[in-house]
Structure formats: structure tokens, C-alpha cells
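Okay, so here's the structure we're looking at.
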2 protein chains.
Amino acid sequence: MSDDSDAEPQRSVPTRRRSPGGAPTIYDIAELTGVNPSTVSRALGKPGRVSAKTEAKIRAAAAQLNFRVNPMARALPTGRTHTLALIVADITNPLFFRLVRGAELAATGAGYALVIAESQESGDAEADVIEQIMPSVDGIVLATTRLSPERIAEIASRKPLVVVNREVVGVTAVVPGVERGTQALVSHLYEMGHRSIAYLSGPVTSWMSERRWTIILEAAEALGIAAVEIGPASPTLSGGREALRRVIASRATAVVAFNDLMAMGLMQAAAEAAVVVPDELSVAGFDDIFGSELISPALTTVRAPLVEMGQRAVVGVLAAVSSEDDAVSEDMPALTTELIVRGSTGHAPGGPFSS
Amino acid sequence: MSDDSDAEPQRSVPTRRRSPGGAPTIYDIAELTGVNPSTVSRALGKPGRVSAKTEAKIRAAAAQLNFRVNPMARALPTGRTHTLALIVADITNPLFFRLVRGAELAATGAGYALVIAESQESGDAEADVIEQIMPSVDGIVLATTRLSPERIAEIASRKPLVVVNREVVGVTAVVPGVERGTQALVSHLYEMGHRSIAYLSGPVTSWMSERRWTIILEAAEALGIAAVEIGPASPTLSGGREALRRVIASRATAVVAFNDLMAMGLMQAAAEAAVVVPDELSVAGFDDIFGSELISPALTTVRAPLVEMGQRAVVGVLAAVSSEDDAVSEDMPALTTELIVRGSTGHAPGGPFSS
DNA sequence: CTGAAAGCGCTTACAG
DNA sequence: CTGAAAGCGCTTACAG
């Protein structure tokens, strides 16, 4: 009686998909193994919640079907997307490469995907980008400079957030100790005979630029030498280039730029203006980005542990994500900075060692 | 009778959330405006499907509640995540900065998020990463070198995919025309008196490395000069450094590296070995990455339009995503490469112009 | 240990 | 133009 036109309506078995998207679901596995979908879910989730035998069957079926849990479907009931956002100001700034790599490593290692978004050095864009990405992620690493502390605190109240290279009250921060490297830099310049140092600052909104200047100022005061702040300027090659004139006018014999990019711009402009580095002007930067070693003379810089900073920022976010506890206590050893002396700094002109 | 212990059980009104996550939902808007949630969904989706009046009310309420559609929830019924993946081999290779920026621009401009994943120059990792990210994205841009054409074609059969800097039958590719810049480079070297050129190749699996070598070989043959391939080598600074010995041994007077990073490594090693560039050895690379201009002497290179390539790759994926049509026809003007002559190439030693 | 049910927040035929 | 319902693929109390 295999008659298709049987009067009796076929019992409507709720044949769950084999979805058009093609991807197998837990229903396929359930069908294949003869268990309930919820059992499949349990077996594939935390182990030990299902008999070893059933679990083995289910895992085998999952493997056979090449099953992957649908992250979207999982995110809905759990509220967990297993995705983190890293917001940077400018993707093309080499500073971010190592930071991104560190964050990537830590995120991937924990089974999280990392969405990288760029705020294009604009405060409004920054806020928009964050607002837009927020619902898709479990937490955020913020490595930008334009947002106000109030906005940041507000975002932190909504999602786990870690800021990099700045401090905001009540928000977890990953900031290397700048003192060590920076003081070493000023001492180094002092020993080379410099008695007047210019600091070329970055964006006004940059907490880190402010911080670096403060330390330079204090170190200069302690040594009894002159220090002057020039800027603010764009934290880019051109920001550095455009500042050369003011640096020269300051009569400082050494200039420390907010970052390596600016320092390099300064050196390029100096070369074009036939100002010899370091004989006539010593130049130093911060971060030790790719290229610092390549430029000629190679750039003296205060190196930051960027890869580790990226990793740590992600670890911090993840800790907040899982503990759901707002109180994120940090017990990790302090991150610090280190002076790398290269050819761009030398004896002060007119001093006892000058040629 | 406001007695809590009222015997009559309270009618369980299905009070829809005001979710713990805090984010407002379309149910909140529906409640606030007195319409059905489905109407809210329609009003906020494609316009014109709801009366202007209702839509206005709904939009006002949405704005008031600061509503953002939950991308996960939307992805489930639609299958669209509004997220794209960009897979790169090595995030710290400056080559990718401009590519990433272009991709970012195009994606963000289209309302898509971009997930960046790194495959760490390993074929297995590459496959894993892709497999893992697949369910979360609507399409993929692949800028890696390790995957076999078969694997790539297989992936392309499952999701919209665009490959960058390589060609795979049946898969949309964004590849700049290498001929122009490369031929110009060989001509330039020829005119400088070079009669023997070495090509330092990248990974064996690199389609683009092969392609560049082919063109150099053909150009050299056409000019009647010698060309030799050295390698394969790692597409990194150290890959370049380690190859110097073999380059010298080849007696070629000019070396063209697979990419700028390798060319720079070669120059660093040359400097350490007191081999003067370009007087004793001319060096050139590909891509014109950040740093090429900074190294001394500055690097002669064949520049690729990386930002535009990134944009175009995303546009290509998006086209496939929306047309759902496998036949992606490309009508865009060809992308091309351009020779940038800088200081690292000069007259061949021993030639009529040599010092 | 396992099944049945409800729900995550949205979309989309299906009626009207 | 709008409402009611079903469903996307998963998770997780609730029973047993």
C-alpha cells in the first residue's frame, strides 16, 4: 500500500530543516542519533551533563555532518556573541599593528572573534562606531584618543570595556609605566649635553600625550634644564613635518615627539631643510613602531610593550565578561617602557663634544 | 483590595522584557506606540511599507528609547549577519594596512562590520580560521597565500568570496595588473646598465610571487639579459636578510624581491656586510609599503593600489551577497601597478656610468 | 541523564 | 496598511 494518494493525510512530522543555507543544525544531529535536540545542545556545550555514551554518539554525528554551532543562534538566548571589538583611531598607524596582533592572539586563544573598527581620528565617528558595534560584541577594547572621559565611563557602564594608553576613573586601563623609559630618555639627552628640550605634543584630547609631557617636564625640572611644549599637532608624519619650523624656532637642541610617526615626519622635514640629525638637532619618539629602525639615522625611542598591551586588554575584557562582576581587580605585573637609543640622538651642538 | 495575598492568581500578562541586557527591543517600541511589533519591524526596515504617520510615531519612539536593532536577532531569520571577514596572513605586515583600510572603508560605508582574522602564515591555521568564522559572516575577503586552489574554490561555493592578489578559477579575484609596473622596473634596471637580475621569491604557495617572477623572466628574455630566481624565502624582513648571501653569490647586479619587506631585509643585511646599495647592488621590491620611503637609501618599488584593492574586494563580496547570483560580473576599470624609482636602484657596477 | 517547552529579538508570509 | 503567527537555531529551567 505504498500509495501516495492515500486518503489518510500524512502525519505532519515536523521535518526540521537541512537548512537552505546548507549548514547542519542540532536538529540534524538529533535526528541522526535519535535523541532530543536539547540533549545535543548539552552534549556539545559543557561536558559531563550527558552520559558518556550519548555524548560520544552525538560528537560522532556532529563530526560526520561537519556541524558548527551557529554563533548568531547561540547569541540570542545567551546574550553572548563571543566577539570583541577593538577600536583604533587609525588603522594605518603602525602603532596599532602590534597592538592588534596581541589582541588578536588573546581573543582567538579564548575562542573569541575580534572586530576591528576605525574611528578615523574623529570624536563623532568614534562615538558612532562604538554605538553601532555595541550590540554585536561582548566587550570592547578602546585604543583611541578622542572620546571624553564621561562618554567612556558611560560606555563602560553598559559593556565590559578596557581602555588602552589612557586612564579614566572607574574604567579598567592598560597603560604601561611611562616613567621609566621617559626619564631614561631625558637623562640620556642630558648626558649628551642637551640643556633645552622641546616636546612636540599630539592631539589635545590625548591623555597619553599629556602624560608624557608631564614626565618630561618633571624630569627636566629635576635636572635643572629647559623644557618647552610645542603643539598640539596631528599624530602623523605630516603632523611632525609641519612642526619643524616651530621646533627650530624654539632653539631647543633636542626634540621629543609624542610618537614615532611624528618624530619621523620631523626627521624628513629636517632632511629637506638641510638640518642635520643628530648633529644639529636630536630627535626622539615613542612606541618603537615598524620603521623606526629603518629610517636614517635610526630613531631613538621609548618602546612600549604593544603586543602584550593588546593581549592584556583583551584578557581584561574577558575577565569582566565572564565574572560579570564590575569589580575587575588587576594583579598582573606592571607593564613598563624602555629607552632604545639609536642614531637620531647625539651630542648637543656647541657642547664640549660637538664637532 | 490591594491585597497581595489575593487568592485569585494574577493574570499572567506576558510582559515582554525591558531586557536585563538593558537594550530596548521592538516590543518596547510597540508598547510605547500602541502598534504590533511586526509593524515596528516593518517601519524600521524598508520604508514605505507602513503609513507615514505610523512610521513617524515609531521612529520617534525608537529614537526616544535609543533603540538599536539587535544584529544577532536579525541574523537568525534572515541569515544575514551584516558582517564580512578579511583574512590576512600576517597583521603586522605593513602591506595589509592599506588593504585593511580600504576594506574597512567600503564595509563601513555599506553598513557592514569587518572582522579581521590572521592566519599566521600557516595553511592549517588558515583553514581553521576560515571554518570558524564562516557561520558569522556574509562573505569573505581572502588575502592569504597558503590555501590550495581546491580549498578556496570549495569555500567560494559556500559563501561569497573574493581573493586578493591571486587567481583561482571560478573565484572572483582582485589582482592589479602587475605587468606595467614590473616591466617598467626591468626596463629601468636595463637602462641603468644591469644585465643580470636576481628575483628573490616569496613562499612557494604564493600565486603572486610566481606571477611576478614570470613577468620579470619574460621581460629579461625580451631584453636579452640574464634573470635568475632565488628562493623561496619567507616574505619577511628576515627572509630578505637571510637571502643576501645567495644573492651575492648569483653575481646579479640587481635584485628584485617579492615584496618590500624582503627588499628591506636585504638592504639591512647588505649594510651590515658593507655591500653598498645601490653602488654595488641595486635593490627593488613590490607594494610600496610604509617604510619604503624611510629606509636609506629609499626603496625603489612597484606600487600597488592597496586601498583601492581592499575597497574593491569588499564591493565584490557585497555584490555577490546581495545578488545571491553566483555569476559576479566585473566591469570595473583595471587596477594597475606603477614603478616608483627611489635611491636603492642605480647604475650597474662596472658599467660605463659606474664610479 | 534526558525530553518537552518556552524563550532570545527579530522577520516575513499570510490574512484581513 | 496592520495584526497574529510561525519560525530562524540555539539554550536552559523544569520535570521526570
Side-chain angles (χ1 to χ4, degrees), chain A residues 12-59 62 65-82 134-136 138, chain B residues 12-58 62 65 67-82 134-136 138:
Chain A
S12 142
V13 186
T15 13
R16 286 290 201 151
R17 96 232 58 206
R18 172 124 303 275
S19 64
T25 71
I26 57 170
Y27 294 93
D28 298 318
I29 299 176
E31 204 173 305
L32 198 62
T33 54
V35 303
N36 188 282
S38 57
T39 302
V40 175
S41 173
R42 279 188 285 255
L44 265 24
K46 315 243 149 198
R49 326 228 306 95
V50 144
S51 79
K53 196 171 150 187
T54 316
E55 179 170 340
K57 256 199 321 193
I58 291 174
R59 290 207 178 281
L65 295 176
N66 204 260
F67 170 82
R68 315 244 149 208
V69 59
N70 178 328
M72 308 297 148
R74 170 158 57 170
L76 210 39
T78 62
R80 290 292 162 71
T81 63
H82 290 261
M134 205 99 95
S136 307
D138 294 343
Chain B
S12 138
V13 185
T15 12
R16 283 291 202 152
R17 94 235 53 201
R18 175 124 303 275
S19 61
T25 72
I26 58 170
Y27 293 92
D28 297 317
I29 300 177
E31 204 173 305
L32 197 63
T33 53
V35 303
N36 188 283
S38 57
T39 304
V40 175
S41 174
R42 279 188 285 255
L44 265 24
K46 314 242 149 195
R49 326 226 308 97
V50 143
S51 81
K53 197 170 148 187
T54 315
E55 179 170 342
K57 255 200 323 196
I58 290 173
L65 295 176
F67 170 82
R68 316 244 149 210
V69 59
N70 178 328
M72 307 297 148
R74 171 159 55 172
L76 209 38
T78 62
R80 291 291 162 70
T81 64
H82 291 261
M134 209 95 97
S136 307
D138 294 342

Length of the [atom1]-[atom2] vector between [X] and [N], whole Å:
X	N	atom1	atom2	value
A/I58	D/dC10	CD1	C1'	14 Å
A/D28	D/dC8	CG	C1'	14 Å
B/N70	C/dG9	CG	P	7 Å
A/R80	D/dG9	CZ	C1'	19 Å
B/R68	C/dG9	CZ	P	17 Å
A/M72	D/dC8	CE	P	17 Å
B/F67	C/dG9	CZ	P	10 Å
A/H82	C/dC8	NE2	P	19 Å

Next item on the list: With sequence neighbours left out, write down each residue that passes side-chain hydrogen bond (donor to acceptor under 3.5 Å, both in side chains) with A/T54, or none if nothing qualifies.
Entry: A/S51
Next item on the list: Only counting residues at least two apart or in another chain, list the ones meeting side-chain hydrogen bond (donor to acceptor under 3.5 Å, both in side chains) with B/T81.
Entry: B/D138
What's touching nucleotides 11-15 of chain D from the protein side, N or O pairs under 3.5 Å?
residue: D/dT11; atom: OP2; partner: A/S41; partner atom: OG; Å: 2.4
residue: D/dA13; atom: N6; partner: A/R42; partner atom: NH1; Å: 3.0

Next item on the list: For DNA chain D, produce a single dot-bracket line, 5' to 3'. Pairs: Watson-Crick or G-U wobble, both distances under 3.5 Å. Symbols: ( ) within strand, [ ] crossing, | other strand, . unpaired.
Entry: |||.||||||||.|||
Check residues 68-76 of chain B and write down every donor-acceptor pair under 3.5 Å in which the side-chain atom is one partner and the other belongs to a residue at least two apart or another chain.
residue: B/N70; atom: OD1; partner: B/M72; partner atom: N; Å: 2.8
residue: B/N70; atom: OD1; partner: B/A73; partner atom: N; Å: 3.1

Check: Which atom pair, heavy atoms only, marks the closest approach of A/D28 to A/A23?
Finding: OD2-O, 4.4 Å
Margin query: If I compare all heavy atoms of A/P24 with all of A/N66, which pair ends up nearest, and what's the gap?
Written below: CG-O, 3.9 Å
Next item on the list: Not counting sequence neighbours, which residues clear side chain to side chain contact (heavy atoms under 4.5 Å, CB included) with A/R59? List them please.
Entry: A/L44, A/E55
Next item on the list: Determine the sole option in A/V35, A/V40, A/T39 for which the side chain to side chain contact (heavy atoms under 4.5 Å, CB included) test with A/V50 is passed.
Entry: A/T39
Checklist line | Test side chain to side chain contact (heavy atoms under 4.5 Å, CB included) applied to A/F67 and A/L32, A/I26, A/I58, the passing residue | finding: A/I26
Margin query: Less than 4.0 angstrom between a side-chain N/O of B/S51 and OP1 or OP2 of D/dT2, yes or no?
Written below: yes
